[in-house]
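What follows is a single structure, written as structure tokens, with notes after it.
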2 protein chains.
Amino acid sequence: MTETHSLVGALNPLVGYHLRRASAVFAADFAAAVEGTGMRQVLIGILAVVAASPGINQGAVGRILGIKRANMVSLINELIDAGMIVRETDPTDRRAFTLTLSPAGTAMLDDCTRRIEAHEDQLLAGFSAAEKAMLLDLLGRIEKRAAPTD
Amino acid sequence: MTETHSLVGALNPLVGYHLRRASAVFAADFAAAVEGTGMRQVLIGILAVVAASPGINQGAVGRILGIKRANMVSLINELIDAGMIVRETDPTDRRAFTLTLSPAGTAMLDDCTRRIEAHEDQLLAGFSAAEKAMLLDLLGRIEKRAAPTD
DNA sequence: TATTGTTATACTCTATAACTATA
DNA sequence: TATAGTTATAGAGTATAACAATA
């Protein structure tokens with residue numbers, strides 16, 4: 001039996017519920033951190049993945065971030081229109097595009113990363129370094145259970 | 001300096017990113033657990049909160065779950081149409097509705113709760129009881145930083 | 001004047017299916 | 001036949017503003 005007396009009743013013992021709510025807190029914090037930049041979580045994710053593997057193609061970026069091929073298209077177009085990503089046809093496979101960051105893209109990623117880290121430090125002010133490391137370890141072990149997106 | 005060599009580059013040190021991904025794993029697991037019931041995360045959340053506080057009104061449910069008043073309307077209507085929630089005007093405040101679960105709502109909540117817990121046990125099979133407790137504690141401390149939704 | 005619930009609306013995210021061009 | 005990218009579309013989640021009825 002799993003009885004509780006909290007306001008959320010049966011949700012209280014569920015890890016998924018608490019992940020969802022904690023994630024929402026960080027999402028709101030993210031939004032505040034990057035306010036005025038026009039960036040969103042997905043876009044920063046794409047910039048970070050392209051920065052980590054210059055020349056990577058669209059499909060690979062999507063697979064890493066759990067975004068479907070079909071949904072990558074407009075996201076990449078947005079970043080190209082904003083002058084942050086450069087798309088060139090891959091000479092070794094003419095179906096594919098290689099993606100790299102422009103200087104503006106690199107600058108935006110760096111700026112946002114700094115802002116987000118500063119905000120996260122605030123949000124996690126009550127956490128010891130060991131607690132933060134523990135949290136990242138536990139989350140990492142959960143992430144490994146992810147199914148391929150596409 | 002915060003350099004990394006992972007596939008997600010600058011995202012790797014960010015707690016918010018890993019919360020998002022871990023949360024997505026649980027969301028997919030949730031969907032599998034309740035498949036065929038027609039239930040979704042928000043709907044189960046509402047059922048659980050109403051079950052925990054019978055006679056609660058719509059606005060209060062939304063405040064607890066972080067759902068805006070405007071978005072509560074159609075969700076509650078869905079649950080009433082499905083015969084899971086009973087809505088009556090509050091005799092002490094004729095602007096408000098009191099919500100309670102019907103027997104069907106109680107049965108659905110119980111069924112889904114059992115399914116979800118079984119799925120979560122699978123997903124967290126590699127976690128000791130202490131690790132799960134630690135995760136819930138850390139997430140709970142993050143949730144406390146949530147801003148009011150409405 | 002504030003609060004409960006409502007309507008209308010819009011944007012983002014996510015998902016599927018069908019298409020093209022290359023491999 | 002399989003893969004990279006595209007288009008079209010639809011559902012769900014979330015956000016704002018304006019309104020009616022009641023407090």
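Just so it is clear, the structure is predicted and the values come from calculations on it, not from any experiment. Convention: sequence-line order gives letters A, B, ...; per-chain numbering from 1.
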Taking the side chain as C-beta and beyond, is there a heavy-atom pair between Y17(A) and L65(B) under 4.5 Å?
yes
Take the protein atom CE of M72(A) and the nucleotide atom P of dA15(C), then report the distance between them rounded to whole Å.
14 Å
From CD of Q41(B) over to P of dC13(C), roughly how many Å is that when rounded to an integer?
17 Å
Which part of the nucleic acid, if any, lies within contact of N71(B), taking any heavy atom under 4.0 Å across all strands shown: a base, the sugar-phosphate backbone alone, or nothing?
base
Please find the pair of heavy atoms, one from G83(B) and one from S102(B), that lie closest to each other, and give the distance.
O-OG, 2.6 Å
By nearest-heavy-atom nucleotide on DNA chain D, the more 5' of E78(B) and A70(A) is A70(A)
On DNA chain D, reading 5' to 3', which nucleotide is the first and which the last to sit with an atom under 4.0 Å from a heavy atom of chain B, could you check?
dA12(D) to dA23(D)
K68(A) side chain, from C-beta outward: closest of dA15(C), dT6(C), dT22(C):
dA15(C)
D110(B)/R114(B) ion pair, N-O < 4.0 Å:
no
Using whole Å, report how far CZ of R69(A) lies from C1' of dT22(C).
14 Å
Expressed in angstrom and rounded to an integer, what is the separation of L43(A) atom CG from dC11(C) atom C1'?
13 Å
Toward the 5' end of DNA chain C, which comes first, D93(A) or V42(A), by nearest nucleotide?
V42(A)
Name the nucleic acid region contacted by N57(B), choosing base, sugar-phosphate or nothing; use a 4.0 angstrom heavy-atom cut-off, strictly under.
sugar-phosphate
Between D90(A) and Q58(B), which residue's closest nucleotide on DNA chain C lies nearer the 5′ terminus?
Q58(B)
Is any NZ, NE, NH1 or NH2 atom of the basic residue among E120(B) and K132(B) found under 4.0 Å from an Asp or Glu carboxylate oxygen of the other?
no
Between P of dG5(C) and CD1 of I85(B), the distance in whole Å:
12 Å
Using only heavy-atom distances, decide whether a donor-acceptor pair under 3.5 angstrom links the side-chain of R94(A) to the base of dT22(C).
no
Which heavy-atom pair separates V42(A) from I67(A) by the least distance, and what is that distance?
CG1-CD1, 3.4 Å
Does any part of the side chain of I44(A), heavy atoms only, come nearer than 4.5 Å to the side chain of L109(A), both counted from C-beta?
yes
Between V73(A) and R20(A), whichever has its closest DNA chain D nucleotide further toward 5' is V73(A)
Could you check whether any side-chain heavy atom of I116(B) comes within less than 4.5 Å of a side-chain heavy atom of F26(B), counting everything from C-beta outward?
no
Rounding to an integer number of Å, can you tell me how far I56(B) CD1 sits from dG5(C) P?
10 Å
